[in-house]
Novice: 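Once you've had a glance at the structure underneath, I'll fire off some questions.
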Number of protein chains: 2
Amino acid sequence: MFSFDQLRGFVAVAEELHFGRAAERLSMTQPPLSRQIQKLEREVGVLLLERDRRHVVLTAAGEAFLAEARRLLALAERAPDLAQRISAGSSGTLRIGFTAASSYGVLGRLLNAVEEQLPEIDIELAEMVTREQVAALSSGELDLGLGRPPFDSEVFGSRIHHREQLLVAVPREHPLAARPGPLRPDDLIDVPLIMHSPIKARYFYDLVVSLLPISHQNVVHTVSQVLTMVWLVAAGRGIAFVPASATGLGVEGVVYQALEGLPENPVELHLLWPRASRNPVVRRVLEIGPR
Amino acid sequence: MFSFDQLRGFVAVAEELHFGRAAERLSMTQPPLSRQIQKLEREVGVLLLERDRRHVVLTAAGEAFLAEARRLLALAERAPDLAQRISAGSSGTLRIGFTAASSYGVLGRLLNAVEEQLPEIDIELAEMVTREQVAALSSGELDLGLGRPPFDSEVFGSRIHHREQLLVAVPREHPLAARPGPLRPDDLIDVPLIMHSPIKARYFYDLVVSLLPISHQNVVHTVSQVLTMVWLVAAGRGIAFVPASATGLGVEGVVYQALEGLPENPVELHLLWPRASRNPVVRRVLEIGPR
DNA sequence: AGAACATGATGCCCTGAAGGTATCAGCTTA
DNA sequence: TAAGCTGATACCTTCAGGGCATCATGTTCT
């Protein structure tokens, strides 16, 4: 049977594609690393790395084994932690990622529900955008995420956790800020616009574009985080479309106006988790199903 | 970090709840097993087994760690098997490019053969013209292509996968459409012709020019895809030479006529693959050699 | 009560796995 | 053609881990 050291060696070489650098990263010299890999290949019974005298490249089998090796190492690293927590009297840990906007109200509701139903569970929190959450959920660094589409629904289970209105953030000095009642889409023609990044904030970008007629020549900034948007609005740079929870960000000098002719609560926030999750706490949290 | 041997030792003791028997099961003596467990507990940082001088019992942390240990060992045991299967080509992913015309029947036969012989293989499909296939095969984005010459036979291995007739596509209203039996090349003199692009559809261009006397002043369109050709024929723009599989495209208003004096099945479709392919699945598929 | 037994821990020895240094071998580049 | 990379080998050294003998302590039987 191979050893964890061999796996670590293999992962390092597979990532560096260079024995010397990989050895350095592992704080060892190159020759024993070469032998480690040879031995691993003998144990596994398969050529994992193709080395011509100049380059190193993964074989197809190596590719597959690399994924297994990473899983093994990740599992091995977390196992002691798990045991320690249980020993310390907790019945588990839940690591939750959340988007900045969801931290106002929505996240609190989730935490209260968990706290109440499962008081012995430890909760760790990390603020990150959906894209980072997806990566962290895949690698096992997170158990649960609060984010927005898109994500791969084959890999992640999800449930709509919150719906909210889409509002227009307007600088307090702007004429539109004083207007009573909901604004009409026409009112926004020729107004400078702070828009979402179609790459980093694809959900909002797609949502806004599908709901409203956007003139792209009015876009003065392209931004990926709601908070940044609201700051730019406060600075008078333009108006922006934001979820209702942005009102909780507490930025001065911004007025939030409703819009006419939109669906009721078009902005969705999803609770998402890796379907392959091994953390029993995840299942329990989904069972108690906050709201 | 703990070792697999330590995990195996722990699992054995946890199952036997007796160091002596566990040691026996592991074909070793009891003292080193005791030390193994002690060391494991130091690494994990938690007491896993409660031993009073007479009995051994799992702690809560031990219970949880046991589950992790079992998972780790199971994963570790099947990882080499996985790698071996991929290396042997009986598992893995095959990315196949195919021309639009080949999607009718021919591609299906290939897929069925692979499916039947190598059920564990995932297949990804992408429709593209031969030229794109060649590029994708070179860059490693594809493993296998279904296309037509020309391609560099130094770089690509190939095998004729299908031969078919060359037919004439005629608009339904055209006098030639009503003619019974095969047409003679003379019949086509002075008929408007939709011809293949000598650059993008060089295979067909060369084939047709080599088999039939073409009057280039009759050419009304130059096209690179069979489907486009058939549409233009349906629109009454002229006649076109197409492979028999074009009859499966299901375009209305087109009649397909055979031609006299042609070789039996002059249109060839090749299965092609990069000779330097490192994907073992390719070798396997070529070995089972559909048809 | 005391002897025999059961069972996990400890002390000591020895083998072999694995790391280090020096060097080789084959390809690339100037 | 020489210099430089880079992975593989040879050889030495260390120490982790297994075996044997024994201890310590709790149980059971007479």
Side-chain angles (χ1 to χ4, degrees), chain A residues 1-59 61-63 65-66 69 72-73 76 80, chain B residues 1-59 61-63 65-66 69 72-73 76 80 276 278:
Chain A
M1 169 65 63
F2 47 83
S3 71
F4 284 109
D5 280 341
Q6 285 166 9
L7 293 180
R8 262 186 292 272
F10 171 64
V11 171
V13 176
E15 281 172 4
E16 299 284 346
L17 293 179
H18 188 291
F19 279 71
R21 280 196 298 277
E24 191 177 355
R25 207 172 93 179
L26 297 167
S27 310
M28 64 191 288
T29 55
Q30 168 264 322
L33 180 58
S34 281
R35 284 187 304 241
Q36 225 179 40
I37 303 293
Q38 290 164 11
K39 192 161 184 181
L40 177 63
E41 286 177 324
R42 249 180 298 132
E43 307 266 8
V44 175
V46 153
L47 194 77
L48 300 171
L49 295 161
E50 197 110 38
R51 356 355 173 185
D52 67 13
R53 302 262 168 203
R54 203 71 190 168
H55 297 287
V56 177
V57 61
L58 278 164
T59 63
E63 201 89 52
F65 192 79
L66 175 61
L72 275 164
L73 291 172
Chain B
M1 170 67 63
F2 47 82
S3 71
F4 284 110
D5 279 340
Q6 285 166 7
L7 293 180
R8 261 186 292 272
F10 172 66
V11 171
V13 175
E15 279 171 5
E16 299 285 348
L17 294 178
H18 189 290
F19 279 72
R21 280 196 299 277
E24 191 177 357
R25 207 173 93 181
L26 296 167
S27 311
M28 63 191 288
T29 55
Q30 167 265 321
L33 179 58
S34 281
R35 280 188 300 240
Q36 225 178 41
I37 303 294
Q38 290 163 11
K39 192 161 185 179
L40 177 63
E41 286 178 323
R42 248 181 298 131
E43 307 266 8
V44 176
V46 154
L47 193 76
L48 300 171
L49 295 160
E50 198 105 41
R51 343 18 161 179
D52 67 14
R53 299 264 170 205
R54 201 70 191 167
H55 293 109
V56 178
V57 63
L58 277 166
T59 63
E63 202 88 53
F65 192 79
L66 175 60
L72 273 163
L73 291 172
R278 293 185 299 93

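So you know, we letter chains A, B, ... as the sequences are listed, proteins then strands, and number each from 1.
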Novice: Measure CZ/A:R8 against P/C:dA18 and give the value in whole Å, please.
Specialist: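 From A:R8 CZ to C:dA18 P: 13 Å.
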Novice: OG of B:S3 to CD of B:Q36: how many Å apart, nearest 0.5 Å?
Specialist: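 Rounded to the nearest 0.5 Å, the OG-CD separation comes to 6.0 Å.
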Novice: For A:V13 and A:L49, work out which heavy atoms get closest and say how close.
Specialist: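 That would be CG1-CD1, 3.6 Å.
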Novice: About how many Å separate CZ of B:F2 and CD of B:E41, when rounded to the nearest 0.5 Å?
Specialist: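 Between atom CD of B:E41 and atom CZ of B:F2 there are 13.0 Å.
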Novice: Round to the nearest Å and state the distance from A:R35 atom CZ to C:dT21 atom C1'.
Specialist: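 The distance from CZ of A:R35 to C1' of C:dT21 comes to 11 Å, rounded to the nearest Å.
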Novice: Using whole Å, what does the distance between atom C1' of nucleotide C:dA18 and atom CD of A:Q6 come to?
Specialist: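 The distance from CD of A:Q6 to C1' of C:dA18 comes to 10 Å, rounded to the nearest Å.
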Novice: Restricting to non-hydrogen atoms, name the atom on B:E43 and the atom on B:M1 that form the minimum distance, rounded to 0.1 Å.
Specialist: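 In this case the closest contact between B:E43 and B:M1 is OE1-N, 3.2 Å.
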Novice: Over how many whole Å does the gap from A:R51 atom CZ to C:dC27 atom P extend?
Specialist: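 Interatomic distance, CZ of A:R51 to P of C:dC27: 16 Å.
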Novice: Give the first and the last nucleotide of DNA chain D, reading 5' to 3', that has any atom under 4.0 Å from a heavy atom of chain A.
Specialist: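 On DNA chain D, the outermost contacted nucleotides are D:dG4 to D:dC11.
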Novice: Could you state the CG-C1' distance from A:L33 to C:dG19, rounded to the nearest angstrom?
Specialist: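 Rounding to the nearest Å, CG of A:L33 and C1' of C:dG19 are 11 Å apart.
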Novice: Is any side-chain nitrogen or oxygen of B:Q38 closer than 4.0 Å to OP1 or OP2 of C:dT10?
Specialist: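 Yes, within the criterion.
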Novice: About how many Å separate CZ of A:F19 and CD of A:E24, when rounded to the nearest 0.5 Å?
Specialist: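 Here the interatomic distance stands at 15.5 Å.
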Novice: Between B:R51, B:Q6, B:R42, which is the residue that forms a side chain to side chain contact (heavy atoms under 4.5 Å, CB included) with B:I37?
Specialist: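 For B:I37, the side chain to side chain contact (heavy atoms under 4.5 Å, CB included) test succeeds with only one of B:R51, B:Q6, B:R42, which is B:R51.
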Novice: Taking atom CG of B:D5 and atom CG of B:L40, what is their separation to the nearest 0.5 Å?
Specialist: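 Spacing of CG (B:D5) from CG (B:L40) equals 11.5 Å.
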Novice: In Å and rounded to the nearest 0.5 Å, what is the CZ to CG distance from B:R8 to B:L73?
Specialist: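 Rounded to the nearest 0.5 Å, the CZ-CG separation comes out at 6.0 Å.
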Novice: What is the separation between atom NZ on B:K39 and atom C1' on C:dA9, rounded to the nearest whole Å?
Specialist: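 Distance check: B:K39 NZ to C:dA9 C1' gives 17 Å.
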Novice: What is the distance from CZ of A:F2 to C1' of C:dA17, rounded to the nearest Å?
Specialist: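 From A:F2 CZ to C:dA17 C1': 18 Å.
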Novice: Please tell me whether A:Q38 and A:S34 have a donor and an acceptor in their side chains that are separated by less than 3.5 angstrom.
Specialist: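 Looking only at side-chain atoms, A:S34 and A:Q38 do not form any donor-acceptor pair under 3.5 Å.
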Novice: Would you jot down, in residue-number order, the residues of residues 16-30 of chain B having a non-hydrogen atom under 4.0 Å from DNA chain C?
Specialist: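 Hits under 4.0 Å, by residue number: B:H18, B:F19, B:G20, B:Q30.
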